[in-house]
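Down below is the structure, laid out as structure tokens.
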Amino acid sequence: MINKLLGIKYPILQGGMANISTGSFAAVVSNSGALGVIASGGMDKDTLREEIRVCKSKTDGVFGVNLMLLHPQIDELANIVIEEKVPVVTTGAGNPSKYIENWKKEGIKVIPVVPNSTLARRVEQYGADAVIAEGCESGGHIGPMTTMTIVNEVVQEIKIPVIAAGGICNGKQMVASEILGAQGMQMGTVFFGNKRMSYT
Ligand SMILES: Cc1cc2nc3c(=O)[nH]c(=O)nc-3n(C[C@H](O)[C@H](O)[C@H](O)COP(=O)(O)O)c2cc1C
């Protein structure tokens, strides 16, 4: 399962959520044994650096940064994750292939979100460690395939681990995605719907 690759307790990633998953938010998730992920969408480069430092100050756990490839400062953000020694990078809204080699050289685990098996195969060739196969249940910058169809297809097309995302919020849905071949799950909505968690 993906937790072994990432060095976390549970095979669960908190999806980057623009304007929601700050450094403090991600730290709470990482402290719980899943992978907390800071969303850079909506942040400029200085804010991202600051939020990474906040996260590091609040957790000794593994955490990640989500980079939206449509971000106007994407080249600078892609360097900041190297400078700040971020352990895991997830990417959304595009093809991150041109950045992967540099990130891998620095020991960063690279996990792109993919909307189809074509992009999954491409990022595997460029050295991605795993992919997040995200169905349209998640909303946002993703293709028309559902989680049920995309996870099933992508696991047959690539050898690296596949993480399922989109509409997963309980144990039954996690097991269902495992049966489809996923080695981990990324969830978004459930993390900010859970009022018992405090992110401040
Ligand atoms: C409010 C919100 C904001 C999101 N922002 C981003 C983002 O900035 N980058 C990204 O790659 N995915 C983003 N996502 C997708 C999540 O990372 C995650 O993959 C998705 O929420 C999974 O589906 P679920 O909400 O059904 O669990 C966002 C999702 C939500 C609900």
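First listed ligand is number 1; within each ligand, the first listed atom is number 1. Each residue takes its place number in the sequence, starting with 1.
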Sub-4.0 Å heavy-atom approach of V190 to ligand 1: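 It does not; every heavy atom stays at 4.0 Å or beyond.
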
Is it the case that more than 12 heavy atoms not belonging to [X] sit under 6.0 Å from its [atom1] atom?
X    : atom1 : answer
M1   : CE    : yes
Q125 : CD    : yes
D60  : CG    : no

Protein contact to [atom] [nearest heavy atom, distance to 0.1 Å]:
atom                    : result
atom 26 (O) of ligand 1 : G167 N, 2.8 Å
atom 23 (O) of ligand 1 : S138 CB, 3.2 Å
atom 11 (O) of ligand 1 : N66 ND2, 3.1 Å
atom 21 (O) of ligand 1 : G188 CA, 3.3 Å
atom 5 (N) of ligand 1  : A18 N, 3.1 Å

Option with minimal heavy-atom separation from atom 28 (C) of ligand 1, where the choices are G42, G16, C136, G15: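 Checking each option, the heavy atom nearest atom 28 (C) of ligand 1 is found in G16.
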
Pick from E134, Q14, M17: the one approaching atom 30 (C) of ligand 1 most closely through a non-hydrogen atom: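 Ranked by closest heavy atom to atom 30 (C) of ligand 1, first place is M17.
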
Student check: side-chain heavy atoms of Y99 and D75 closer than 4.5 Å: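 Side-chain contact under 4.5 Å: yes.
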
Within ligand 1, which atoms have a heavy atom of [X] less than 4.0 Å away?
X    : value
M68  : 7 (C), 8 (O), 9 (N), 10 (C), 11 (O)
Q186 : 17 (O), 18 (C), 19 (O)
I20  : 1 (C)
M187 : 27 (O)

Sidechain N-carboxylate O distance under 4.0 Å for E84, R49: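 Looking at E84 and R49, the cut-off is met.
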
Atom pair NZ/CZ of K58 and F63 - distance to nearest 0.5 Å: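 That separation rounds to 13.5 Å.
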
Rounded distance [0.5 Å steps], CD in E50 versus CE in M43: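 Reported value, rounded in 0.5 Å steps: 9.5 Å.
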
Residue pair D44 / T47, side-chain donor-acceptor N/O under 3.5 Å: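 Judged by distance alone, the side chains do pair up.
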
Test side-chain contact (heavy atoms from CB on, under 4.5 Å) applied to L180 and I150, T149, N152, the passing residue: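 When I150, T149, N152 are each tested with L180, the side-chain contact (heavy atoms from CB on, under 4.5 Å) holds only for N152.
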
Within-cut-off N or O pair, A39 and ligand 1, under 3.5 Å: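 Not met; the criterion fails.
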
Nitrogen or oxygen atoms of T189 and ligand 1 under 3.5 Å apart: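 The answer is yes, given that T189 and ligand 1 share an N or O pair closer than 3.5 Å.
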
